[in-house]
Amino acid sequence: MKLNYSGTEQVKAAPAVVWAFVQDPERVARCLPDVQEVTVQDANHMEATVQVGVGMVRGKFKFKIEVLPDEAAGRVNVNVRGGGLGSVVDLTAGANVVDNNDGTTALDWTGEASMRGPVATVGGRMLDVQAKKLIEKTFENMGTAMSAAGGTLA
């Protein structure tokens with residue numbers, strides 16, 4: 001099952017704050033909804049344990065996460081791979097970091113998820129809705145955290 005998403009998150013912080021935030025892998029991982037544990041491996045790699053529920057299927061998924069900020073290109077990419085309950089999830093997401101020239105920043109994001117296994121089979125259409133919510137909530141959480149930090153991350 002392959003799913004595609006896109007959206008925009010408005011951040012009440014300057015681009016410099018956004019770039020400082022996305023270069024901190026633990027802060028990025030903590031923006032995943034229902035995250036239970038984060039282990040940072042290096043500046044771009046971490047592992048996270050997340051509580052997942054799709055319909056009646058509930059459990060913990062473990063993910064390997066790679067965050068690749070590229071300030072020169074104005075883009076941050078995120079690769080997520082892992083799973084649980086006999087299912088595998090591959091997620092590639094990215095956001096263009098756009099200066100709104102008013103002290104705020106837009107994250108124009110896209111995401112593509114591929115899922116295999118029992119969760120994809122049992123979840124069906126419900127999985128599409130949950131995956132979209134997960135991606136949207138992650139970017140929303142990032143926006144909220146960056147906005148709250150204001151100019152303090154740079």
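Everything numeric here is computed off the predicted structure, so don't read it as measured data.
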*For side-chain contact (heavy atoms from CB on, under 4.5 Å), just list the numbers for Arg116 and Asp90, CA-CA rounded to whole Å, side-chain angles, deciding distance to a tenth of an Å, and then say yes or no.*
CA-CA 9 Å; Arg116 301 176 302 284; Asp90 288 307; 3.3 Å; yes
*side chain to side chain contact (heavy atoms under 4.5 Å, CB included) with Gln41: which of Glu47, Met46, Glu66?*
Glu47
*Please check if the side chain of Ser87 supplies one atom and the backbone of Gly83 the other of a donor-acceptor pair under 3.5 Å.*
no
*Are any of the side-chain heavy atoms of Ile65 and Val78 separated by less than 4.5 Å?*
yes
*Hydrophobic cluster membership, Val88 vs Leu32, 4.5 Å side-chain cutoff*: no
*asked:* Ignoring hydrogens, what is the shortest heavy-atom contact between Cys31 and Phe21? Give both atom names and the distance.
replied: SG-CZ, 3.7 Å
_Full working for side-chain contact (heavy atoms from CB on, under 4.5 Å) between Leu107 and Val11_ = CA-CA 7 Å; Leu107 297 177; Val11 179; 4.0 Å; yes
*Flag the pair Asn44 / Pro25 as yes when at least one side-chain heavy-atom distance between them is below 4.5 Å, and no otherwise.*
no
_For a quick test of reading the model, state the closest non-hydrogen atom pair linking Thr39 to Glu37 and the distance between them._
OG1-OE2, 3.9 Å
_Straight-line distance of Arg30 CZ to Thr138 OG1, nearest 0.5 Å_ = 13.5 Å
_Donor-acceptor contact below 3.5 Å, side chain Asp102 vs main chain Thr104_ = yes
*Please name the pair of heavy atoms, one in Gln10 and one in Thr8, separated by the smallest distance, quoted to 0.1 Å.*
NE2-CG2, 3.5 Å
*Over all heavy atoms of both residues, which pair between Val17 and Met146 is shortest? Give the atoms and the distance, please.*
CG1-O, 3.8 Å
*When rounded to the nearest 0.5 angstrom, what is the spacing between OG1 in Thr110 and CG in Asn96?*
7.5 Å
*Under 3.5 Å: donor-acceptor pair, side chain of Thr105, backbone of Ala13*: yes
*Hey, what do you get for CG (Leu91) to CE (Met115), rounding to the nearest 0.5 Å?*
7.5 Å
*Taking a hydrophobic cluster as the set of Ile, Leu, Val, Met, Phe, Trp and Tyr residues connected by side-chain heavy atoms closer than 4.5 Å, whether directly or through intermediates, do Val98 and Val18 fall within one such cluster?*
no
*What heavy-atom pair brings Asn77 and Gly94 nearest, and what distance separates the two atoms?*
OD1-CA, 3.6 Å
*Taking C-beta and beyond as the side chain, do Glu9 and Met142 meet within less than 4.5 Å on heavy atoms?*
no
_For a quick check under 3.5 Å, do Asn79 and Arg81 share a side-chain donor-acceptor pair by atom type?_
no
*Can you name the nearest heavy-atom pair linking Phe139 to Ala95, along with the distance?*
CE2-CB, 3.9 Å
*Does Asp70 reach the main-chain N or O of Val76 with its side chain, forming a donor-acceptor pair under 3.5 Å?*
no
